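Heads up, the thing below is written out as structure tokens.
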Amino acid sequence: MTTNTRLFGSILTIGIAIAISQTPAAQARDWTDDSTVAPGDALWYGEYPSGAYADDAACADCCSPCPRVYGVVEALLLQRTNGSFDQPLLVNLRDPNNPNNVLDPADAPTAFSTGDFGFGVAPAMRVLLGYRLHNGWALEGGYFGLFDANTSTWVNAGGEPPIYTFPNDPVTGTNVAQGANVFPDMDRVRLNYDSWLHSGELNLVCCQGCCDTYACGKGKDDCGASTSCRTFEWFAGFRYLNFHERLNIYGERDQQVGGGGVMTESGVYNIRTTNNLYGAQLGARVRHWGNRWGWEGTGKAGLFANDAQQEQYIIDYDNFALRPLTSASTDRMGFFGELNLTAIYRLNEVWNLRAGYNLMWLSGVALAPNQLDFSADLDAGNRIASNSSVFLHGVNVGVEARW
């Protein structure tokens, strides 16, 4: 036990002794196992002498700041930033000033760029379980999952038929669509961009806390108006994150066939990225609560080794592999940090309601749009860009149990 702990225990013991001596109904009662667990330690660690009276046991349980077992289940709604390099994805070869004129891809105006992707809110989930091993030390495990943050759109100019194609490669001046069937002359394009984030962590937690117990009664609901508890927890542990993305470019072109009919030809450019991050994290949690209301603030940050990978292919009409499946990978350092501020409403001795706000930052990762490669070179698609960042923010609601 630290010096501050002994000092706090001594002060709290004196305070309880004075309170007991001033309560007529309690003057005849003593702690029956006073030599093993002092009242101050009982309040600190949530323990009390086995021979103590029921009121004393209820008081100790009421005011113990660090629970033996605790769990949290929360639903989140999060919105992520784009984070990709802003580069042209589609150009329109139809001259806006002269519809009868077809432009060179290098001179064509941009119809859609990667910076135009915008994400809405996506569902997420967080689960946290902790078990106190000894005194203030606890083992804590958690899971976080962001499920399918998605943005999609149809690019279709309408009016005069557009001529959509991919931009020229800025280095070689070539275009992967040259010599293809669909991609040099697309009438409409469907763009779909998805991402998922899953994380698991295991932490060793040290809890330190104290309570003002001037009016402690029977059970947590009767702790009295002057009762409030505070805890400070710091933790260190291991965390794994999997951040996966997919970008799908689906192009269509209408072709006249014999008899006046129309046939639709299609092609697809598909990119997938996977980031597996492993490493250590540090964090802290501050909590303050009274009879009914309270709040909690948590911060976590860690450096991680990132195994980043990307793979892509381009399939033209009719099922022609314009670019067969290619891939690339690299190892680099990544970072993940998060902040949470949550309000707490206590329902009873065990259950609490929670509602709060979250900020998350993930950096040093490969994003799918950044792997776009419009070059017609033989080694096109065999490179990887893994120095991007993603920012997430949103609300959380849930329940927790502490006993």
Side-chain angles (χ1 to χ4, degrees), residues 65-81 119-132 138-150 194-205 207 209 220 229-244 277 281-302 304 336-362 390-403:
C66 300
R68 295 179 185 273
V69 182
Y70 56 95
V72 176
V73 177
E74 292 179 319
L76 298 88
L77 289 176
L78 299 176
Q79 185 176 24
R80 57 155 291 183
T81 58
F119 289 87
V121 296
M125 179 182 182
R126 180 163 52 211
V127 179
L128 186 70
L129 296 174
Y131 178 76
R132 185 145 53 92
L139 192 63
E140 181 179 288
Y143 165 78
F144 167 78
L146 172 66
F147 308 106
D148 196 10
N150 171 270
D194 302 270
S195 62
W196 303 264
L197 175 61
H198 297 277
S199 168
E201 58 185 298
L202 185 64
N203 300 302
L204 184 63
V205 184
C207 177
K220 296 182 180 179
C229 293
R230 299 164 297 281
T231 57
F232 174 78
E233 299 171 86
W234 65 265
F235 50 87
F238 174 83
R239 190 164 194 171
Y240 165 73
L241 300 103
N242 175 263
F243 183 53
H244 179 70
L277 298 97
Q281 72 172 0
L282 297 174
R285 184 184 299 120
V286 179
R287 185 182 178 102
H288 188 285
W289 71 97
N291 288 349
R292 287 297 178 187
W293 290 98
W295 61 270
E296 179 183 272
T298 304
K300 302 177 183 179
F304 304 89
F336 184 73
E338 60 178 307
L339 295 173
N340 168 261
L341 182 61
T342 292
I344 301 169
Y345 180 75
R346 305 178 67 221
L347 296 175
N348 52 41
E349 296 184 9
V350 174
W351 294 98
N352 304 323
L353 297 179
R354 298 167 56 91
Y357 194 77
N358 305 265
L359 301 174
M360 302 179 186
W361 182 34
L362 177 64
V390 173
F391 182 73
L392 302 103
H393 65 98
V395 298
N396 62 281
V397 293
V399 297
E400 71 173 9
R402 294 163 65 91
W403 65 92

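These numbers come from a predicted model, not from an experiment. What you see below is based on every heavy atom in this structure, not just the backbone, and it leaves out hydrogens, waters and symmetry mates.
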With a 4.0 Å cut-off on N to O distance, would you call E296 and R402 a salt bridge? no
Distance (rounded to the nearest 0.5 Å) between E233 CD and T298 OG1: 8.0 Å
Output, in order, the C-alpha distance, side-chain angles, deciding distance and verdict of side-chain hydrogen bond (donor to acceptor under 3.5 Å, both in side chains) for E201 and N203. CA-CA 7 Å; E201 58 185 298; N203 300 302; 2.9 Å; yes
May I ask you to test the H393-Y357 pair for a side-chain heavy-atom distance under 4.5 Å? yes
Shortest non-hydrogen contact from E140 toward Y70: OE1-OH, 2.7 Å
Could you go through R68 and W403, starting from their C-alpha distance and side-chain angles, then the distance that decides it, and tell me whether this counts as side-chain contact (heavy atoms from CB on, under 4.5 Å)? CA-CA 6 Å; R68 295 179 185 273; W403 65 92; 5.8 Å; no
Count the heavy atoms of every other residue, nucleotide or ligand shown that sit under 6.0 Å from OH of Y240, and state whether that count exceeds 12. yes
Distance from N396 atom CG to L76 atom CG, nearest 0.5 Å? 5.0 Å
Taking the side chain as C-beta and beyond, is there a heavy-atom pair between R132 and C207 under 4.5 Å? no
Does atom CH2 (W295) have a neighbourhood of more than 12 heavy atoms from anything else shown, all under 6.0 Å? yes
Could you check whether any side-chain heavy atom of R126 comes within less than 4.5 Å of a side-chain heavy atom of N358, counting everything from C-beta outward? yes
Nearest heavy-atom contact between S195 and F243 is CB-CE1, 4.1 Å
Please assess F336 against L277 for the test side-chain contact (heavy atoms from CB on, under 4.5 Å), listing each intermediate value before the final yes or no. CA-CA 9 Å; F336 184 73; L277 298 97; 6.0 Å; no
side-chain contact (heavy atoms from CB on, under 4.5 Å) between F144 and L197, intermediate numbers included: CA-CA 8 Å; F144 167 78; L197 175 61; 3.8 Å; yes
Determine, stepwise, if the pair E400 / T342 fulfils side-chain contact (heavy atoms from CB on, under 4.5 Å). CA-CA 12 Å; E400 71 173 9; T342 292; over 6 Å; no
Value for CG (L353) from CZ (R292), rounded to nearest 0.5 Å, stands at 10.5 Å
Taking all non-hydrogen atoms of both residues, which atom of N352 and which atom of L347 are closest, and how far apart? OD1-N, 4.0 Å
Is there a side-chain contact between T231 and W289 (heavy atoms, below 4.5 Å)? yes
Which heavy-atom pair separates A122 from A149 by the least distance, and what is that distance? CB-CA, 3.7 Å
How long is the gap from CG on L78 to CZ on F391, to the nearest 0.5 Å? 10.5 Å
Flag yes if more than 12 heavy atoms outside W196 fall under 6.0 Å of its CH2 atom; otherwise flag no. yes
Where do A236 and L282 come nearest, in terms of heavy atoms and distance? CB-CD2, 3.5 Å
Quick one: does V286's side chain get under 4.5 Å of H288's, heavy atoms only? no
Distance col, row Y143:OH vs H198:NE2, nearest 0.5 angstrom, shows 4.5 Å
Might you point out which heavy atoms bring V397 and A355 nearest each other, and give the distance in Å? CG1-CB, 4.1 Å
